[in-house]
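Here is how names work: the chains are called A, B, and so on, in the same order as the sequence lines, proteins then strands, and each is numbered from 1.
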Amino acid sequence: MPDEQNWDLSPREARALQCELAPRVLLQPLPRSFAILGASDIGYARTSNQLVAVMVTFTWPELQPLETSQVISSALFPYIPGLLSFREAPTLVVAFRKLKTPPHVLLCDGQGIAHPRRLGLASHLGLCLGIPTVGCAKKRLCGEHGLLLSHRGASTPLILNGEVVGSVFRSREGVKPIYISPGHLADVESSQALVADCLGRFRIPEPLRRAHNLATDLRRALTAQHPVFQ
DNA sequence: GCGACAG
DNA sequence: ATCTTGTCGC
């Protein structure tokens, strides 16, 4: 699989690469049983243009914390809708390799195949790492869906070009839904089931929430070193 | 040309 | 994502 690839691409080249890699994504049920779940997130320190990658692992299905890794890097690629992985994935891959015990499944903050070229961050990362990944985003990137009931656990298919690419999922009563889609070595049904089994008392599944909090803590520490003078 | 647009 | 104050509902 495409492991150490060249991340120094123009937006045009990045889109072309996505079209080449997307067919390599495998859609299949997640492992019926596995021991370690991972979750990842990125923080951004604007004043120093630095990315903070956080990777957290937990026992599965108990979700007891196991290990965390953090990596700081300079942001080399801008945020462009549809090209998020070219900004975040390089640093996340390094954070993954710093883990003593890699997870068997990884939850990612962003889309999987619910992407214009079917290669969102979770899918791209899954190919790079060679493990099952699931995308869990707070906003929709593309695709359409019908009415979503307001009770916790309600879901409706996310459809792109006539295909079901994910599910719009109500993780808490009366709050905005989250957008779940398979990354790599996963499918829509098992991806939603995994996220459903990670829910605590908040909208964001617990493992991702933990990764996000750690990333925010580290980002604030960096910002304190790079104050904005006026 | 106009609107949409993960983090 | 980050920045940023008060404010509104479960």
Undergrad: Under 5.5 Å centre to centre and under 30° between planes: does that hold for Y79(A) and the six-membered base ring of dG7(B)?
TA: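 It does: the two rings, one from Y79(A) and one from dG7(B), meet the stacking criterion.
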Undergrad: Which nucleotide in the list dC3(C), dG7(B), dA6(B) gets nearest to the side chain of L121(A)?
TA: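 Looking only at heavy atoms from C-beta outward on L121(A), the closest nucleotide is dA6(B).
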Undergrad: Can we say K98(A) and E67(A) salt-bridge, meaning some charged N sits less than 4.0 Å from an Asp/Glu carboxylate O?
TA: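 Answer for the salt bridge query: no.
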Undergrad: Please state whether the phosphate of dA1(C), meaning OP1 or OP2, lies under 4.0 angstrom from any side-chain nitrogen or oxygen of R219(A).
TA: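 No.
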Undergrad: Taking the minimum atom-to-atom distance to the side chain of H115(A), which one of dA1(C), dA6(B), dC5(B) wins?
TA: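 Comparing dA1(C), dA6(B), dC5(B) against the side chain of H115(A), the answer is dA6(B).
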Undergrad: Please report the distance, rounded to the nearest Å, between CG in L125(A) and C1' in dG7(B).
TA: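 The distance from CG of L125(A) to C1' of dG7(B) comes to 14 Å, rounded to the nearest Å.
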Undergrad: Below 4.0 angstrom from OP1 or OP2 of dA6(B), is there any side-chain N or O of Y179(A)?
TA: no
Undergrad: In terms of side-chain heavy atoms of H212(A), which of dA6(B), dC3(C), dA1(C) is nearest?
TA: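 Side chain of H212(A) sits closest to dA1(C).
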Undergrad: Can a donor-acceptor pair be found between the side chains of T216(A) and N213(A) at a distance below 3.5 Å?
TA: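 No donor-acceptor contact under 3.5 Å links the two side chains.
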Undergrad: Report the distance from atom CZ of R152(A) to atom P of dC10(C), rounded to the nearest whole Å.
TA: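 Distance, rounded to whole Å: 18 Å.
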Undergrad: Starting at atom CG of L51(A), determine the distance to atom P of dA1(C), rounded to an integer number of angstrom.
TA: 13 Å
Undergrad: Quick one: which of dG7(B), dC5(B), dC3(C) gets closest to the side chain of L141(A)?
TA: dC5(B)
Undergrad: What is the distance from CZ of F202(A) to P of dC10(C), rounded to the nearest Å?
TA: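 Roughly 18 Å, once rounded to whole Å.
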Undergrad: CD1 of I42(A) versus C1' of dT2(C): gap in Å, rounded?
TA: 14 Å
Undergrad: In whole angstrom, what separates F86(A)'s CZ from dG7(B)'s P?
TA: 18 Å
Undergrad: Tell me which nucleotide among dA4(B), dT2(C), dG7(B) gets nearest to the side chain of K138(A).
TA: dG7(B)
Undergrad: Can you figure out which of dA4(B), dC3(C), dG7(B) approaches the side chain of R140(A) most closely?
TA: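 Closest nucleotide among those given: dA4(B).
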Undergrad: Could you tell me how far apart E88(A) (CD) and dA1(C) (P) are, to the nearest whole angstrom?
TA: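 Atom CD in E88(A) sits about 9 Å away from atom P in dA1(C).
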Undergrad: Cut-off 3.5 Å, side chains only: do S167(A) and Q192(A) have a donor facing an acceptor?
TA: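 Distance-only check passes for S167(A) and Q192(A).
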Undergrad: For L83(A), answer base if it contacts any base atom (sugar-phosphate contacts may also be present), sugar-phosphate if it contacts only those atoms, and nothing otherwise; contact means non-hydrogen atoms under 4.0 Å.
TA: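 L83(A): base contact, heavy atoms under 4.0 Å.
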Undergrad: Round to the nearest Å and state the distance from R15(A) atom CZ to dC5(B) atom C1'.
TA: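 To the nearest whole Å, that distance equals 12 Å.
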Undergrad: Look at all strands and tell whether G174(A) reaches a base, only sugar-phosphate, or nothing, counting heavy atoms closer than 4.0 Å.
TA: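 Touches nothing.
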Undergrad: Which heavy-atom pair separates G112(A) from S123(A) by the least distance, and what is that distance?
TA: C-OG, 3.1 Å
Undergrad: Are L208(A) and L63(A) co-members of a hydrophobic cluster defined by side-chain heavy atoms under 4.5 Å apart?
TA: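 Same cluster: L63(A) reaches L208(A) through Ile, Leu, Val, Met, Phe, Trp or Tyr contacts under 4.5 Å.
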